Amino acid sequence: MHSRSVVTDARRIVVKVGSSLVTNEGRGLDLEAISRWAGQIASLMQTGKSVVLVSSGAIAEGMQRLGWSRRPKQVHELQAAAAVGQMGLAQAYESRFGEYGCHSAQVLLTHADLADRVRYLNARSTLFTLLAFGVVPVINENDTVVTDEIKFGDNDTLGSLVTNLVEADVLVILTDQTGLFTADPRRDPGAQLIADAQAGDPRLEEMAGGAGSAIGRGGMITKVLAAKRAARSGAHTVIASGREPDVLLRLTRGERIGTQLSAAVPVLTARKQWLADHLQLRGRVVLDDGAARALRSGGKSLLPIGVTEVQGEFARGDVVACLDTHGAEVARGLVNYSAAQARQIARRPTAEIEAILGFIEEPELIHRDNLVLV
């Protein structure tokens, strides 16, 4: 276990804030609270960290704007409130981040976006580009077009999926609770705070109430399961109270706050295992000797000019094998172009991709971040 906060050495962080931390008890947005979050995140970015924010609050803001005193039960009314509230949520974050010299970007996702290979790659590329420009992506579920996510309020799960998507080192889940306890502290005065544990430990789910319990809808169980999912890609999770003053800054300085759930394997190892072992190959590309050497030496992306032959039929986002001239597999990865497009740009320099296809998805056929040596 770690003696200091895992946030200290994290290069990329996903921060999830719940509705209770950005709204006035569910009645519209708490602009002062949002300003505090913006200030803390801006400070983290000044230290060289990349931060992605997953924020709730759209439905509460929409209800406020529509003059509704009670949360509606009809799904289409919840969706309408979310649509109205997203306007206020995006406006609030942009203005508050602007006070600290930062830009923010609204990104609306659904679980389906991250399950589809093409949309997964598109979302990933967009988020990496935003982070490269120093923009803070503010992510929420696209509640206007989905139903289950609204019913379960599951931004904890979205936070873990985004953590996997951007290969973050740490997921910080901020809530109105101190952390994870051995029992529900509201019912059991003898409940003890769990300061350190391994993500995925089945005992944690029992302590959080079990998957079928009443508190499992947006409660601590979703946070435990989110930590378990984040750990699959090697990310640690911190569950802490967002009521703690400067909680993000203190975690960055190494202070232990709340519950820290550690991943068993590092980010790079987990991603390699995922690419190498758990995805079905959809096709193959044969490389010239120079491209094969470049991949084997490590740290290189696969460019179209190094491909001599394209085998099989695959779509953007599928997993393909990279073979040397003798037919031995050198690497495999997520391809940025379909098989038909790859055949058109094979043996051609990157500068010619747009002229050949009429567009350019990425300069690489397979980016090094989406490629693993075999």
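This is a predicted model, so every value here is computed, not measured. All values below come from the heavy atoms of this structure, side chains included, with hydrogens, waters and symmetry mates left out.
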Check: T308 main-chain N/O paired with R347 side-chain donor or acceptor under 3.5 Å: no
Check whether any side-chain heavy atom of I13 lies under 4.5 Å from a side-chain heavy atom of V52, and answer yes or no. no
Give me each pair satisfying salt bridge (Lys or Arg N to Asp or Glu O under 4.0 Å) with a member in residues 313-327, each pair once, sequence neighbours excluded. R117-D318, R296-D324, E313-R343, R316-E361
Honestly curious: do L31 and V136 fall in one hydrophobic cluster under the side-chain, below-4.5 Å linking rule? yes
So how far is it from H367 NE2 to L121 CG, rounded to the nearest 0.5 Å? 11.5 Å
In the single-linkage hydrophobic clustering (I, L, V, M, F, W, Y; side-chain heavy atoms under 4.5 Å), do Y337 and I356 co-cluster? yes
Tell me whether E61 contacts the main-chain N or O of A58 through its side chain, where contact means a donor paired with an acceptor under 3.5 Å. no
Side chain to side chain contact (heavy atoms under 4.5 Å, CB included) for L44 and T252? Distances and angles first, verdict last. CA-CA 8 Å; L44 263 59; T252 302; 3.6 Å; yes
Is there a donor in the side chain of T182 and an acceptor in the side chain of Q192, or the other way round, less than 3.5 Å apart? no
With heavy-atom distances below 4.5 Å as the criterion, would you say the side chains of I194 and M207 are in contact? yes
Identify whether the distance between the nearest side-chain nitrogen and carboxylate oxygen of D156 and K16 falls below 4.0 Å. yes
I'd like to know if the side chain of S301 reaches the main chain of R368, judged simply by a donor and an acceptor atom lying under 3.5 Å from each other, with no hydrogens or angles considered. yes
Nearest heavy-atom approach of L21 to A33 is O-CB, 3.4 Å
Quick one: closest heavy-atom pair of V22 and G57, and the distance? CG2-CA, 4.2 Å
Indicate yes or no: at least one non-hydrogen side-chain atom of E364 is less than 4.5 angstrom from one of T350. no
Is any side-chain heavy atom of I353 closer than 4.5 Å to one of P304? yes
In the single-linkage hydrophobic clustering (I, L, V, M, F, W, Y; side-chain heavy atoms under 4.5 Å), do V307 and I360 co-cluster? yes
So L171 and H236, do their side chains get closer than 4.5 Å, heavy atoms only? no
By the definition side chain to side chain donor-acceptor pair (under 3.5 Å), identify the one residue from S19, S56, S160 that meets it with N155. S56
Considering all heavy atoms of both residues, which atom of Y100 and which atom of A42 are nearest to each other, and what is their separation? CB-CB, 3.7 Å
Between A264 and Q198 the two heavy atoms that sit nearest each other are CB-NE2, 3.9 Å
Spatial distance of atom CG (N140) from atom OG (S55) [nearest 0.5 Å]: 6.5 Å
Give the C-alpha distance, both sets of side-chain angles, the deciding distance and a yes or no for side chain to side chain contact (heavy atoms under 4.5 Å, CB included) between V247 and Q40. CA-CA 8 Å; V247 61; Q40 290 185 61; 4.2 Å; yes
Is the count of non-hydrogen atoms from other residues, nucleotides or ligands lying under 6.0 Å from R282 atom CZ greater than 12? yes
Between S125 and E362: side-chain donor-acceptor atoms closer than 3.5 Å: yes
Check: D169 side chain, R12 main-chain N or O, donor-acceptor pair, under 3.5 Å: yes
So do the side chains of I139 and L53 get within less than 4.5 Å of each other, counting heavy atoms only? no
Should we say atom CZ of R203 is surrounded by more than 12 heavy atoms from elsewhere, each under 6.0 Å from it? no
Taking all atoms of both residues into account, what is the closest heavy-atom pair of L78 and P72, and its distance? CD2-O, 3.5 Å
Using a strict cut-off of less than 4.0 Å between a Lys/Arg side-chain nitrogen and an Asp/Glu carboxylate oxygen, indicate whether R124 and E167 qualify as a salt bridge. yes
Is it possible for you to say whether M45 and L249 belong to one hydrophobic cluster, with membership spreading through side-chain heavy-atom contacts below 4.5 Å? yes
Identify whether L334 and F128 are in the same connected component of the hydrophobic contact network (ILVMFWY, side-chain heavy atoms under 4.5 Å). yes
Taking CZ in F133 as the centre, count heavy atoms belonging to other residues, nucleotides or ligands within less than 6.0 Å. Is the count above 12? no
Can a salt bridge be assigned to the pair R4 and E255 using a cut-off of 4.0 Å between side-chain N and carboxylate O? no
I'd like to check L174 versus S241 (side-chain heavy atoms, cut-off strictly below 4.5 Å). Are they in contact? no
Sequence neighbours excluded, which residues qualify as salt bridge (Lys or Arg N to Asp or Glu O under 4.0 Å) partners of E329? R332
Using the side chain to side chain contact (heavy atoms under 4.5 Å, CB included) rule, pick out the option among L248, L131, I41 that qualifies with V51. I41
Identify whether the distance between the nearest side-chain nitrogen and carboxylate oxygen of K228 and D201 falls below 4.0 Å. no
Would you compute the distance between atom OG of S5 and atom CG of L251 and round it to the nearest 0.5 angstrom? 4.5 Å
Derivation and outcome, side chain to side chain contact (heavy atoms under 4.5 Å, CB included), residues L365 and V335: CA-CA 6 Å; L365 189 64; V335 68; 3.9 Å; yes
With rounding to the nearest 0.5 Å, note down the distance linking CG in L165 to CG in L109. 7.5 Å
By salt bridge (Lys or Arg N to Asp or Glu O under 4.0 Å), D246 pairs with (sequence neighbours left out) none
Kindly indicate, with the supporting measurements, whether the criterion side chain to side chain contact (heavy atoms under 4.5 Å, CB included) is fulfilled by R11 and K49. CA-CA 5 Å; R11 176 178 53 90; K49 298 183 186 297; over 6 Å; no
For L29, does its backbone N or O pair with a side-chain atom of N24 as donor and acceptor, under 3.5 Å? yes
Taking all heavy atoms of V135 and all of S104, pick out the closest pair and write down the distance. CG1-C, 3.7 Å
Is there a side-chain contact between Y120 and L161, using heavy atoms and a 4.5 Å cut-off? no
Rounded distance (nearest 0.5 Å) linking atom CG of L295 with atom CG of L373: 7.0 Å
Distance col, row L357:CG vs R348:CZ, nearest 0.5 angstrom, shows 10.0 Å
